[in-house]
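We use all heavy atoms of the structure for the numbers below, so side chains are in, but hydrogens, waters and symmetry mates are not.
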Amino acid sequence: EVHAFEPDPWTVEELRRNTQDLLNVKVIAAAAVTEEGVLPLYRHEAYDGDQLKRSLSSSLVAEKKNIDTAQSIEVPVVDTLAYIERLNADIGVLKIDIEGAEVALLEALFASPTLKRIDAIFCETHEVKIPALAARTEALRKRAKEIEHPLVNLDWY
């Protein structure tokens, strides 16, 4: 079973269309973060020119280098730890590529007993595009090396 979180409405529709025949895919129209509510999603500075390509770079983090803070939309956000805790199953693979918001999510996961319910985490980090996250990302890398379970790979691309 796949639970795919996607906050951008345009991309949600594309994802739903592309997975409509896959009964094991659940598309959640929200960003996976550490809280419930609504947050601004900042779109890539060239989003209007190529939604397919540029929707991949949208971010909840205003400091990300290639986004336009004047071009944002409000999107629902989900407390990912609470979501996992409500599932009646362990997680085989948790893939995280949330354009800068992964730092707070990983910090929360690493501090939570929920971490033990996950077999593997693959994450793309974004400290190059968001230099303010560099120290926290490095601390997460060090912590990840100490974790025996789950497998944690912070170099997924």
Quick one: NZ on Lys64 to OG1 on Thr69, what's the gap to the nearest 0.5 Å?
13.0 Å
Students should find that the hydrophobic cluster of Val12, defined by side-chain heavy atoms under 4.5 Å apart, otherwise consists of Val2, Leu15, Leu22, Val25, Val27
Side chain proximity check, Glu14 to Ser55, heavy atoms < 4.5 angstrom
no
Distance col, row Glu13:CD vs Asp8:CG, nearest 0.5 angstrom, shows 10.5 Å
Applying a strict under-4.5 Å side-chain criterion to I, L, V, M, F, W and Y, I'd like to know whether Val103 and Leu115 cluster together.
yes
Just how far is it from atom CD1 of Ile147 to atom NZ of Lys116, taken to the nearest 0.5 Å?
8.5 Å
Same cluster or not: Ile28 versus Val38, using hydrophobic residues (I, L, V, M, F, W, Y) connected whenever any side-chain heavy atoms lie under 4.5 Å apart?
no
CD1/Ile130 to CD/Glu63 distance, rounded to the nearest 0.5 angstrom?
7.5 Å
Looking at Ala104 and Thr34, what are the two nearest heavy atoms and their distance?
O-CG2, 3.6 Å
Any donor and acceptor pair, going by atom type alone, linking the side chain of Ser59 with main-chain N or O of Glu99 inside 3.5 Å?
yes
So, are Asp48 and Arg43 salt-bridged, with charged N and O less than 4.0 Å apart?
no
Can you tell which of Ile96, Asp79, Val33 makes a side chain to side chain contact (heavy atoms under 4.5 Å, CB included) with Leu105?
Ile96
Residues at least two apart in sequence or cross-chain that pass salt bridge (Lys or Arg N to Asp or Glu O under 4.0 Å) with Asp90, listed by chain then number, are Arg117
Indicate, with yes or no, if Trp10 and Leu39 share a hydrophobic cluster defined by side-chain heavy-atom contacts under 4.5 Å among Ile, Leu, Val, Met, Phe, Trp and Tyr.
no
Note, Leu106 side chain near Val152 side chain (heavy atom, < 4.5 Å)
no
How long is the straight-line distance from CD of Gln51 back to CG of Leu56, given to the nearest 0.5 Å?
11.5 Å
Tell me the closest heavy-atom pair linking Gly100 and Val61, and the distance in Å.
C-CG2, 3.7 Å
For residues Pro7 and Val77, determine if any side-chain heavy atom of one lies less than 4.5 Å from a side-chain heavy atom of the other.
no
Give me the atom names and distance for the closest heavy-atom approach of Ala62 to Ile67.
O-CD1, 3.4 Å
With a 3.5 Å distance limit and no angle check, can you tell me whether Thr125 reaches the backbone of Glu127 through a side-chain donor-acceptor pair?
no
Same cluster or not: are Val75 and Val78 linked, directly or through other Ile, Leu, Val, Met, Phe, Trp or Tyr residues, by side-chain heavy atoms under 4.5 angstrom apart?
no
Phe110 and Leu140, any side-chain heavy atoms less than 4.5 Å apart
yes
For Ala32 and Ile98, which heavy atoms make the closest approach, and how far apart are they?
O-CD1, 3.3 Å
Over 12 foreign heavy atoms within 6.0 Å of NZ, Lys95
yes
Minimum heavy-atom distance Glu102-Glu124, with the two atoms named:
CD-O, 3.6 Å
Between atom NZ of Lys65 and atom OG of Ser57, what is the distance when rounded to the nearest 0.5 Å?
14.0 Å
Below 4.5 Å, heavy atoms only, C-beta onward: do Asp68 and His44 meet side chain to side chain?
no
Might you point out which heavy atoms bring His149 and Asp119 nearest each other, and give the distance in Å?
CE1-OD1, 3.3 Å
Determine yes or no for a side-chain-to-main-chain donor-acceptor pair under 3.5 angstrom, with Lys53 supplying the side chain and Ala46 the backbone.
no
Student check: side-chain heavy atoms of His126 and Leu133 closer than 4.5 Å
no
Using a 4.5 Å cut-off on heavy atoms from C-beta on, say whether the side chain of Ser72 contacts that of Tyr42.
yes
Have a look at Phe122 and tell me which of Leu154, Leu151, Asp97 forms a side chain to side chain contact (heavy atoms under 4.5 Å, CB included) with it.
Leu151
